[in-house]
Amino acid sequence: MGMFQLSGDAHTSDLMVNLYALAFMICGIALPLEQASEYLIMPDYVVYVRQHRGFAHFARYFAMITVYCLVFTGMQSLFALAVVPEVKVGSMLSTSACAGWTLLCLLLLVNLGYLLTNRAMGYVAAMASYALLLSIGPVARWFALGHVGMLPAWVPALLVSLLLITALNAMAFDRIQIL
């Protein structure tokens, strides 16, 4: 799945053993072709006097990319469950949730670059943050194997990341002026 795995060999980078996880994230980011971002900044041509697009418009955008992440991750999870009969369902659902949630955070980073009129930096920030997570061994181990109370460490880490990136997206969205 899109959840990365830790390398069993101390001399092998986690980045090298996670080509499928990287391909999952790259395809997941590239597949929408920024259509959700275009929807977010698209003016309403039916309205004669442009009205300020508010929270409801941003909430529809957020719901759209959340559903996309659920479908993208869910389809691959169902395929993996059908193809690999000995897979543990609980483990697969946990890693699928982590992969889908990570994809949502990365899509929001890409969108932030789009809203700030620097598309390339959005893509670079998304891929660099994921590659950095895979490259720093102690951080990757904590993220994959650590626990905060009863929860896996990735749950609070991704929750804080999602809230922060969503807030930054909302501020950048609110800043855009429609002429």
Side-chain angles (χ1 to χ4, degrees), residues 1-29 31-32 36 55-56 58-113 122 125-173:
M1 262 309 299
M3 175 66 173
F4 67 90
Q5 301 172 4
L6 298 174
S7 172
D9 182 13
H11 300 292
T12 304
S13 168
D14 289 329
L15 188 60
M16 296 306 292
V17 297
N18 286 294
L19 294 178
Y20 182 75
L22 283 170
F24 175 88
M25 293 302 167
I26 290 169
C27 291
I29 289 172
L31 193 62
F55 176 75
F58 186 79
R60 284 190 301 272
Y61 156 77
F62 188 80
M64 186 180 354
I65 63 168
T66 301
V67 167
Y68 165 76
C69 290
L70 287 171
V71 170
F72 184 79
T73 307
M75 287 176 45
Q76 294 193 41
S77 298
L78 290 174
F79 182 74
L81 288 171
V83 171
V84 184
E86 68 272 359
V87 72
K88 295 178 185 175
V89 176
S91 176
M92 175 60 93
L93 292 177
S94 175
T95 58
S96 295
C98 182
W101 203 347
T102 303
L103 180 61
L104 179 61
C105 289
L106 295 179
L107 281 172
L108 285 168
L109 274 175
V110 168
N111 184 65
L112 187 59
M127 287 297 104
S129 64
Y130 192 65
L132 192 62
L133 173 64
L134 294 177
S135 298
I136 301 174
V139 174
R141 290 198 193 306
W142 175 81
F143 190 80
L145 302 174
H147 283 77
V148 176
M150 297 294 290
L151 297 173
W154 57 264
V155 172
L158 287 175
L159 180 62
V160 169
S161 298
L162 181 67
L163 292 174
L164 179 66
I165 298 167
T166 302
L168 290 172
N169 268 269
M171 287 188 291
F173 170 70

For Cys105, what residues pass the side-chain contact (heavy atoms from CB on, under 4.5 Å) criterion, not counting sequence neighbours? Trp101, Leu158, Ser161, Leu162, Ile165

Measuring from atom CG of Leu103 to atom CD1 of Ile26, what distance do you get when rounded to the nearest 0.5 angstrom? 11.5 Å

Ala99 versus Met25, closest heavy-atom pair with distance: O-CE, 3.4 Å

Can you find a pair of side-chain heavy atoms, one from Leu104 and one from Tyr68, that are under 4.5 Å apart? no

Which pair of non-hydrogen atoms, one from Ile29 and one from Ala126, has the smallest distance, and what is that distance? CD1-CB, 4.1 Å

Would you say Thr166 and Phe58 make side-chain contact, with heavy atoms under 4.5 Å? yes

Residues passing the side-chain contact (heavy atoms from CB on, under 4.5 Å) test with Val89, sequence neighbours excluded, are Leu81, Leu93

What is the minimum heavy-atom distance between Ala21 and Tyr130, and which atoms define it? CB-OH, 3.5 Å

Out of curiosity, Leu106 CG to Met127 CE, how far, rounded to the nearest 0.5 Å? 5.5 Å

Does the side chain of Glu86 come within less than 4.5 Å of Val84's, by heavy atoms? yes

Expected output: side-chain Thr102 to main-chain Cys98 donor-acceptor under 3.5 Å: yes

Please name the pair of heavy atoms, one in Thr95 and one in Met92, separated by the smallest distance, quoted to 0.1 Å. OG1-O, 3.1 Å

I need the Phe55 CZ to Phe173 CZ distance, nearest 0.5 Å. 11.0 Å

Please name all residues satisfying side-chain contact (heavy atoms from CB on, under 4.5 Å) with Ile136, sequence neighbours left out, ordered by chain then number. Leu132, Pro138, Val139

Non-hydrogen atoms of Pro32 and Leu107 that approach each other most closely: CG-CD2, 4.3 Å

Please list, chain by chain and in numerical order, all residues satisfying ring pair (Phe, Tyr, Trp, His ring centres under 6.0 Å) with Phe62, sequence neighbours excluded. none

All side-chain hydrogen bond (donor to acceptor under 3.5 Å, both in side chains) counterparts of Asn111, not counting sequence neighbours: Ser37, Tyr61, Asn169

Kindly indicate whether the side chain of Leu168, heavy atoms from C-beta on, has any atom under 4.5 Å from the side chain of Met171. yes

Side-chain heavy atoms of Ser77 within contact of Phe72, under 4.5 Å: no

Quick one: side-chain contact (heavy atoms from CB on, under 4.5 Å) partners of Val83, sequence neighbours excluded? Phe79

Minimal non-hydrogen separation, Val148 against Ala153, with atom names: CG2-CA, 4.2 Å

